[in-house]
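These values consider heavy atoms only, across backbone and side chains, with no hydrogens, waters or symmetry-generated copies.
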Amino acid sequence: MVSVAVFGDQDKPALVTYPDLALNHISCFQGLFFSPEVNSFLLHNFCIYHISPPGHEVGAAPIGSDDLMPSVDDLADQVLEVLNFFGLGAVMCMGVTAGAYVLTLFAMKYRQRVLGLILVSPLCRAPSWTEWLLNKVMSNLLYFYGMCGVVKELLLKRYFSQEVRGSVEESESDIVQACRRLLDERQSINVQQFLEAMNGRRDLSEGLRKLHCRSLIFIGENSPFHSEALHMTSKLDRRYSALVEVQACGSIVTEEQPHAMLIPLEYFLMGFGLYRSTLSVSRRSPLSPTCISPELLSPESMGLKLKPIKTRIS
């Protein structure tokens, strides 16, 4: 079973979201979708379909031990089943970290069903030995001890930068405290199954060059997956993709600094005719025929750094 939360007019184009490990649409996307600025254009142009990983929805029961553990391919195929259930054609996709991997895999398997990809701190390679070992440690802790304090700390380090996680001298920010409470509601066996699926993921790098849907990648400069996002950007066709690096931010940009996503999203959606802006634009852009505003090249502007893709990887 899969849970889908639907918001908006179903006659409008569809925007499908997929959250990161142990999160759902409330804990992963509410910072972005609850901001007034987003309501003015995302909800005006789209009907939002928030897909939760199996067993990650609010009030989910534990997945039975006899149930087969889904693979990442199963999860991507499940996205297709959701689209078919609602009678959707081609959709816009927005995923965060593990969710970004699932939606990227979906886009590679079912290219005709994806208009564009909005990826936040995405993964595209198989786990490194370090990540694989850390995931195995978390998986064992989840199995034997449930959502214990160590697991929560590892997950919060995965999601957020040190600035909002706090220190001995400074307390945690409100978003971290809220996420900690929401993690307490997760069923540990359900989180473990998603974690094991992601730990068995394969490398998608070779197929990315053939992915010709427009892609917009956000990455926090303090995210543990920073190098993953740079690698993915180097493999995508730069004519159809752009990278936005958000300063002083961790992986979950949608929660930690959602305001930093608004202007890049506005320009990205202009390329699909879904949002009109009165700002002047240039034709020189990886998002041709639209562009990213020159103001975004300044680090002082909303805490963003936008660099030419061809210079990201030496």
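Cluster membership check: Val151 does not share its hydrophobic cluster with Leu133, using side-chain heavy-atom separations under 4.5 Å among Ile, Leu, Val, Met, Phe, Trp and Tyr. In the hydrophobic clustering of this structure, Leu88 groups with Leu269; members are Ile, Leu, Val, Met, Phe, Trp, Tyr whose side-chain heavy atoms approach within less than 4.5 Å, directly or through other members. Hydrophobic cluster membership differs between Ile26 and Phe34, with clusters built from Ile, Leu, Val, Met, Phe, Trp and Tyr side chains linked at under 4.5 angstrom. Under a hydrophobic clustering in which Ile, Leu, Val, Met, Phe, Trp and Tyr are joined whenever their side-chain heavy atoms come within less than 4.5 Å, directly or via other members, Val137 and Leu21 fall into the same cluster. Taking hydrophobic clusters as Ile, Leu, Val, Met, Phe, Trp and Tyr residues chained together by side-chain heavy-atom distances below 4.5 Å, Phe272 shares a cluster with Met261.
In this structure, CZ on Phe29 lies 9.0 Å from CD on Glu255, to the nearest 0.5 angstrom. Annotation: the span from Ile63 atom CD1 to Met1 atom CE amounts to 11.5 Å, rounded to 0.5 Å. Taking CG from Leu155 and SG from Cys179, the interatomic distance works out to 8.0 Å, rounded to the nearest 0.5 Å.
For the pair Val253 and Gly220, the tightest heavy-atom approach, listed with the atom from each and the gap, is CG2-N, 4.0 Å. Smallest separation of non-hydrogen atoms from Ala260 and Val246: CB-CG1, 3.8 Å.
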Start with the C-alpha distance between Arg180 and Gln177, add both sets of side-chain angles, then the distance that settles side chain to side chain donor-acceptor pair (under 3.5 Å), and finish with yes or no. CA-CA 5 Å; Arg180 187 185 294 276; Gln177 293 178 18; over 6 Å; no
Could you check Ser241 against Ser215 for side chain to side chain donor-acceptor pair (under 3.5 Å), going step by step and ending with a plain yes or no? CA-CA 5 Å; Ser241 60; Ser215 304; over 6 Å; no
Would you sort out whether Asp73 and Ser71 count as a side chain to side chain donor-acceptor pair (under 3.5 Å), showing the intermediate values? CA-CA 5 Å; Asp73 282 281; Ser71 66; 4.7 Å; no
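Residue Cys124 is tested with Leu208, Thr104, Leu119 for a side chain to side chain contact (heavy atoms under 4.5 Å, CB included); the sole match is Leu208.
Classification of Arg125 and Glu131 as a salt-bridged pair fails, no side-chain N sitting under 4.0 Å from a carboxylate O. Using a 4.0 Å cut-off between charged nitrogen and carboxylate oxygen, Glu196 and Lys136 count as a salt-bridge pair.
At most 12 non-hydrogen atoms from other residues, nucleotides or ligands lie less than 6.0 angstrom from NZ of Lys157.
No side-chain donor-acceptor contact under 3.5 Å links Arg201 to the backbone of Tyr101.
The six-membered or imidazole ring of Phe33 lies away from that of His25, with a centre-to-centre distance of 6.0 Å or more.
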